[in-house]
Amino acid sequence: MTDSAVSHSLLVSRPTRLSRFLVASVVGHIALLLAAVLYARLASGPKVDLDARPIKASLVRLGKPRDPKLLPRKEQLPPPPKHVDAPKPPPDAPAPAPTKAAVAVPIPGVKPEPSTAPKPTPQKGETTGEDRRKRLFGAFDKTARAAEPEEAEGAEDGDPDGDSATAEGERYFGLLQSQVRRHYNVADTIPESERLRLNTIVAVRLGRTGEVLDVSLSKPSGNDLFDSAVVTAVRKAAPFSPPPEHLRETLQKHGVNLSFRPNAL
Amino acid sequence: MKALLLSLLLLPLVALAQAPTIEISGANFRPLPVAVPAPVAQNEGGRKLAPGFDTAFGFDLAASGIMQVLDRKSFTADPKEGMTAGSINFSRWADVGAEALVKVSLAQDGGVLRGELRLFNVATGREDLKVAKDAPADNAELLAHRLADALYRHFTQEPSPFLSRIAYVVKGGNNRDVYVADWDGGNARALTKGGINILPALSPDGSQVAFTTYRKGRPDIFAQKPGGDARAVVSEGQMATGASYSPDGKRIAYSLAEGESAQIHVANADGSGARALTDTPYGLNTSPTWSPDGKRIAFVSNRGGSPQIYVMNADGTGVRRLTFQGNYNQTPDWSPRGDLIVFTARDERNAFDLFTINVDTGKVTRLTQDQGSNEEPAFSPNGRLVLFTSNRNGGSQLFVMTSEGNNQLPLRAAKGFLQTPDWAPLAQAE
C-alpha cells in the first residue's frame, strides 16, 4: 500500500525516458560549452592590443589640375574623368511626388501648375505631355550623341589591358594579343636603329583548352635577344583562353602567326 | 612605354598556310637581366687583381642603364663552371632570370693584365661575343672599362661612356680644387693645388680643362693640361666665369660680369678674338652650353625677371626663351644627342631638382624628386647618362642616372665634397 502510494506520488521523481533525455541533453550542452571555453583559452589567437593606434586609411581626393606654370612632378595623377551631367529624369518617371515633379522639371515655355492644384493637369491635354516627353528625351539624345566618343569605353567582358573601344575582327585574337602583350618585355640593349626594322614571326599552335602545343620561329629577326624575348613572351603568356568552337581546328592544325615589332606602330 | 599601339590584322587564310597573323608591337623596354659571375683568375696575378677589376666592371654594367646586373647570391650554377658554351649549364642561369651571361677570365702576364670576355645568350646557349683586351697591371680598372666598353658596343653599336673622363671640384677647407678622373671617379688626379678653382670644363678632345680661378683675387678663366701649367685664357681684371668649349674645341663661351650685368661672350679657345653675344643692361646672362652642332648656345638669363633657360644662335641672334615652367632654372647642359637640355630647377617646394627640356617641343620632364637637392647636371658623351651632384646621403656626392632619370647611383670611386662636374669624351688608348 505504502509502496504503491510512493510509486504513484507526483512528488517523487521517476526516471522516465524524457527525463533521461533531458539530463543527457543538459550535460551534453554544458560539456560542449566547457569545451568551447577551454578551446578558446588554449588556442593561441592573435593578441589584440587595445592600446595600438588604428591605421587610418583614406583615399586622396582628386585635386585640381597642376598649374602649367609649375614644374612637373613624377608620377602625375591621372587626368580627371570627363564630367558628364546626368540627364534630367522625364516627368513621368515612376512615383514622383506631383508637386515636386512640377518644381524639379522646369521646362521653358511650359507654365508650371498653380501650387494649389494637388495634381498637375496638362494644360493642353495629352499632346502637351507628349511634347514635354519628346523635348526631354530629345535633350537626353543630344547629350548621348555629344558624349558618343567618350561612351565607347570598351566592353563589359573586355580586357583590363585592352586599348580598343570596340571589337575589331575576331575577338579571340584580340584576347591572345593582350595576353602575349603583358609579357612582351624586350631588353634596352637593342639599339634604336635596330628597333625600327626588327620583325619576328612566331608560329603558335593551340590545343582545345588553349594550351600551347608548339611554338616556333617562322621568321627570325636576326637579333637573337629579340627573338628569344618574343618566344619567352609567348611561353609566359600560356596557357591561353580556350579558343571558340569555330577556331579550334584552325588553331590546332595551322596555328596562328604572331608578328612582333619592337616599337609601337 | 605603356603607349602600346596594337593592330589586329587578319590576313586571308590562304595567304599564310591558312594561319591567321596577329601584329604585336610596342614592347616594354627594360634593362637586360645579365648574370656576371666573379671573374675566373688564370694565374696568381690574375687572382690578386680580380677584386679591383670586378668592382669597376660591375659598376660599369650596373650604371649603364641598359643592363640589370643580377645578384650573385641568387646564382645556382656551379662556381667552377667553364668558360665555353659546352661546359655551361644554361638552364641554371635561366632559372635565376638571366637572359645574358657574361664570363670573364683574367691573367697577369708581366706588367700586363689580360682579360677575355665571353657573352652568351642564355635562351639559345650561343656565344654572341668573345673579346680580349689588356691593360697595365697596375690599372685593373682600365681593363674593366675596356671590356665593359666592348660589351656595350656589341649591344648598342655606339661607344660607351666607360672610357670617358670627368672633371669636378673637391671642396677641402677653404680650398676648391679641380680634379680629373675616370668616368666612375676612379684614378682621380688633382689638376690644381690650393686656392679657389671652380666650374671645370673639359675640352672635347680631353686634352685640357678650362676652369674659373680666383688666384688673382677676381674670377678669371684659366686652362690647363693635366700635368702642365695653368695659363690665363680670359683675365686682365675682368670677372669671367663658367667656360664652355664648343664641340670642335676651337672656341669657348663664358660669362663676363661688368657692373650690374653679365653678358655671354665667345672667344677662340686661347681667349683671343672675344666678343659679346648678349647685351642686356642690368641683366645677368650666365652658364653657356653649346648645341652639339656648335650652331646654338643655351644660357641662363634673368632678363624676364627670374632665371630662365634661353637659346640663341652662336652669333648672338635669334634669342628665344626656352623654359616657362618654374621660376628658378639654371645650370643647363645640352645633350650631345641634340634633343634635350638638362637643367637644375627650384620647384614650388623650394627643392632643387633636375629636369630635361626638349629643345624642339619644349616638353619638360622631371628626372629627380624627393631625394635631397640635386644640381649641376652634365650629360655623358653619348647623351645616355647624366652626372650630377646630390646631398641625399649628406655632403655633396656625385651621382649618375639615365637621361630619363632612372637608375640613380652614386659614383663608385668619387669621394669627398664634390661639386660642378663636367663630362667629356676622352677615348683612352686601346
Side-chain angles (χ1 to χ4, degrees), chain A residues 67-76 161-164 168-170 173-174 176-178 180-195 201-205 218 224-233 247 250-251 253-265, chain B residues 3-11 13 16-34 64-68 99-100 121-124 126 128 152 154-158 323-327 329 345-348 353 355 363-370 402 405:
Chain A
D67 185 346
K69 294 256 173 180
L70 294 178
L71 291 155
R73 283 188 65 77
K74 279 186 165 183
E75 294 164 3
Q76 293 269 341
D161 284 350
D163 57 4
S164 175
E168 288 170 33
E170 178 57 61
F173 290 129
L176 282 190
Q177 201 182 42
S178 75
V180 175
R181 206 168 89 197
R182 267 176 236 165
H183 302 276
Y184 187 21
N185 301 320
V186 174
D188 256 333
T189 46
I190 295 173
E192 276 165 28
S193 53
E194 265 196 60
R195 292 179 193 184
I201 298 179
V202 178
V204 187
R205 287 193 309 113
S218 61
D224 276 356
L225 272 177
F226 184 65
D227 290 348
S228 54
V230 300
V231 171
T232 306
L247 286 175
T250 311
L251 289 176
K253 263 190 178 174
H254 308 294
V256 57
N257 288 315
L258 304 177
S259 173
F260 289 90
R261 283 176 201 282
N263 285 347
L265 287 176
Chain B
L4 302 172
L5 264 177
L6 295 162
S7 69
L8 182 75
L9 184 66
L10 286 173
L11 293 178
L13 295 182
L16 268 170
Q18 295 187 328
T21 296
I22 302 173
E23 293 274 347
I24 300 178
S25 61
N28 303 310
F29 285 98
R30 51 177 60 179
L32 176 74
V34 183
S64 70
I66 58 167
M67 286 174 258
Q68 179 205 351
E99 289 177 25
N121 181 321
V122 171
T124 61
R126 214 173 71 184
D128 282 348
Y152 191 97
H154 166 77
F155 282 130
T156 64
Q157 290 149 28
E158 60 181 54
T323 55
F324 290 90
Q325 287 167 275
N327 57 16
N329 301 323
R346 190 178 66 192
D347 71 6
E348 76 279 10
D353 272 306
F355 298 79
K363 190 193 171 200
V364 175
T365 306
R366 191 172 195 129
L367 306 186
T368 61
Q369 182 172 288
D370 300 333
T402 68

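Worth knowing before you read on, the calculation uses all heavy atoms, side chains too, and leaves out hydrogens, waters and symmetry mates. So you know, we letter chains A, B, ... as the sequences are listed, proteins then strands, and number each from 1.
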Is any side-chain heavy atom of B:I22 closer than 4.5 Å to one of A:V256? yes
Under 4.5 Å heavy-atom distance to chain A, tell me which part of B:F324 shows up: side chain, backbone, both or neither. backbone
Bottom line for B:D370: the part with an atom under 4.5 Å from chain A's heavy atoms is side chain
Over all atoms of both residues, closest heavy-atom pair of B:G65 and A:D188: O-OD2, 3.9 Å
B:Q325 (side chain) donor-acceptor with A:L70 (main chain) under 3.5 angstrom: yes
When rounded to the nearest 0.5 angstrom, what is the spacing between OG1 in B:T365 and NZ in A:K74? 10.0 Å
Which answer fits B:R126, side chain, backbone, both or neither, if we ask what part of it has an atom under 4.5 Å from a heavy atom of chain A? side chain
Chain B: which of A:D227, A:L225, A:V180 shares the most heavy-atom pairs with it under 4.5 Å? A:L225
Is the backbone of A:P72 close enough, under 3.5 Å, to the side chain of B:R366 for a donor and an acceptor to pair up by distance? yes
Report which part of B:D128 has an atom under 4.5 Å of a heavy atom belonging to chain A: side chain, backbone, both, or neither. side chain
Please report the interatomic distance CG(A:L258) to CD1(B:I24), rounded to the nearest 0.5 Å. 4.5 Å
Report which part of B:N121 has an atom under 4.5 Å of a heavy atom belonging to chain A: side chain, backbone, both, or neither. side chain
